[in-house]
*Asks:* 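Let me give you the structure first, and then I'll get to my questions.
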Number of protein chains: 2
Amino acid sequence: MNTILQIEKPLFTVDSVLFTVHDGVLKVLMAKRAESPFEGYWGLPGGFIDINVDENTDMTARRKLLNKTGLVPSYLEQLQVISGPKRDPRGYSVTLAYYALVAHQNVESKIASVESACWLSVSELPKLLIAFDHRHIIDIAQQRLQQKTLYSMIPVFCLPEKFSIGQLIKVIEAIIEKPIQRKSLMRRIEASEMFEISNEKISSGGRLAQLYSLKPGADIVNFERNLSL
Amino acid sequence: MNTILQIEKPLFTVDSVLFTVHDGVLKVLMAKRAESPFEGYWGLPGGFIDINVDENTDMTARRKLLNKTGLVPSYLEQLQVISGPKRDPRGYSVTLAYYALVAHQNVESKIASVESACWLSVSELPKLLIAFDHRHIIDIAQQRLQQKTLYSMIPVFCLPEKFSIGQLIKVIEAIIEKPIQRKSLMRRIEASEMFEISNEKISSGGRLAQLYSLKPGADIVNFERNLSL
DNA sequence: CCAATAGTGTCTGTGAGACAGTATGAG
DNA sequence: CTCATACTGTCTCACAGACACTATTGG
């Protein structure tokens, strides 16, 4: 091609913070590291981009999630790039962090390269050994998720295709760690026009709950006000 | 260290979209490329990270802005990573784009490596030759700036230290391309508690305007509602 | 029947939009 | 004085919060 000084390149990795909510608790998917830096520590699923396979970094994130955990996220968005000379003992490192959401499902670590991938409660992370600065990345991801929950409907991606308002309330409250008004949520569901009323209802210990589902091809509306305070 | 297969790494670059507002027009800083890919096209100021110099990618962005344009931005924030095999003829490329704001000032291209850096009106970009996918990156940056202007005071970073409400209105209107209510803006300035009333006033063809300045150490408040519609 | 959860009606509160009215500078 | 721009007062409107009320299920 032409003369470019191939100056030293940093390590470039892609890591994902995959969240779900189960039993009213926010969980994050972590993998126990089987390999050298921070072996035995919990780390975010991620790795190096494969420029022969990955159309872009989104694909790297998805590929690594699938390989390491068998899961395909319902929602995936770039979070932030974290970089510096000291964050990886192997050298100067640049990590593109994603955050992602999925309905809760059991993780069978189908892949040998990882000892075990599993859902950890965000609240129990302080008790665990976390690799690199992944704890910090999770904090940033959690903040972003909380913020976005105040003005959008992304929490629906923590639920299955069809869901009830009651389920959605539980998910939102688990994310923002505050109670919300059912009424406000229903107004938003109505106003957003993102959802359609299913013909099914679900039993939940009282009156049957209407199930909703995302309209096919609907994009995610951002509201002009935040919830709560 | 240990055996890591050094699989092929992508090119990693950092580019910045530096905005300002001058005479009620949103401008972006572009440099005429003196070197090979897209020589003679307009490109965003940016380049490769220097892992021996840059503490992190923010520093890369700042260093490149300073080198290529002599400017130090008042505000700098990550925008997005864009990646893919085709966006740079030299190979698979990953770019971390930043967007930044600064008070308008003339650019003297102090550095020889760039033919000319100058402020281009965003509206005239369609008429010009833009390198790589930089046009697309600018579009994304502009959208983000518009969005953020609706719920924060970042446009003040397009103004000098001390500024009047009237100046700020002009900047905001240039960014979001819609008129706003002076009253709403004043309420926000009051409520945010980010600013202090200077002891100076500025003449502007009518009654003297009160000058404000950012309180030292004040952080940028996000409002819970958006402006306008 | 009761308990539990789903959903409605409606009042209050907050902050943006609109816009008329007042204040104060230059010429 | 007039004109231009700065600032204030105040009404309306949209939408979130609060909460009482009704509806519908299972036991």
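Each chain gets a letter, A, B and so on, in the order the sequences are listed, and its residues count up from 1.
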*Asks:* Can you give one letter per nucleotide of nucleotides 17-27 of chain D, going 5' to 3': B for a protein heavy atom under 4.0 Å from the base, S for sugar-phosphate only, - for none?
*Replies:* BBB---BBB--
*Asks:* Are the ring centres of A:Phe195 and A:Phe163 closer than 6.0 Å?
*Replies:* yes
*Asks:* Would you mind reading off the distance between A:Ile189 atom CD1 and C:dA6 atom P, rounded to a whole angstrom?
*Replies:* 12 Å
*Asks:* Would you confirm whether A:Trp119, through its side chain, and A:Gln105, through its main-chain N or O, come within 3.5 Å as a donor-acceptor pair?
*Replies:* yes
*Asks:* Specify the separation, in whole Å, of atom CD of A:Gln167 and atom P of C:dT5.
*Replies:* 13 Å
*Asks:* Does C:dG15 have OP1 or OP2 under 4.0 Å away from a side-chain N or O of B:Arg188?
*Replies:* no
*Asks:* Report the distance from atom CZ of B:Arg182 to atom C1' of C:dT22, rounded to the nearest whole Å.
*Replies:* 13 Å
*Asks:* Taking A:Asn56 for its side chain and A:Asp58 for its backbone only, find out whether a donor-acceptor pair lies under 3.5 Å.
*Replies:* yes
*Asks:* Does NZ in B:Lys170 sit with more than 12 non-hydrogen atoms of other residues, nucleotides or ligands closer than 6.0 Å?
*Replies:* no
*Asks:* Closest-nucleotide mapping onto DNA chain D: is B:Arg225 or B:Ser204 further toward the 5' terminus? I mean the 5' end.
*Replies:* B:Ser204
*Asks:* For B:Tyr41, does the OH atom sit with more than 12 other heavy atoms under 6.0 Å from it, leaving out its own atoms?
*Replies:* no
*Asks:* Between A:Gln210 and A:Ser198, is there a donor-acceptor pair closer than 3.5 Å when you use the side chain of the first and the backbone of the second?
*Replies:* yes
*Asks:* Write down the distance between CE (B:Met186) and C1' (D:dT8), rounded to a whole number of angstrom.
*Replies:* 8 Å
*Asks:* B:Leu185 has an atom CG; how far is it from atom C1' of C:dG17, in whole Å?
*Replies:* 13 Å
*Asks:* What is the separation between atom CD on A:Glu190 and atom P on D:dA14, rounded to the nearest whole Å?
*Replies:* 16 Å
*Asks:* By the 4.0 Å heavy-atom rule, please label B:Gln210 as base, sugar-phosphate, or nothing.
*Replies:* sugar-phosphate
*Asks:* Of all heavy-atom pairs between A:Phe19 and A:Ile138, which one has the smallest distance, and what is that distance?
*Replies:* CZ-O, 4.3 Å
*Asks:* Within this structure, what is the CD1-to-C1' distance between B:Ile202 and D:dA4, rounded to whole angstrom?
*Replies:* 15 Å
*Asks:* On the 0 to 90° scale, with breaks at 30° and 60°, tag the B:His134-B:Phe132 ring pair as parallel, tilted or perpendicular.
*Replies:* tilted
*Asks:* Just wondering, are more than 12 heavy atoms of other shown residues or ligands nearer than 6.0 Å to CD in A:Glu124?
*Replies:* yes
*Asks:* Grab the CD-P distance between B:Glu200 and C:dG25 for me, whole Å please.
*Replies:* 15 Å
*Asks:* Residues from residues 147-160 of chain A sitting under 4.0 Å of DNA chain D, heavy atoms only?
*Replies:* none
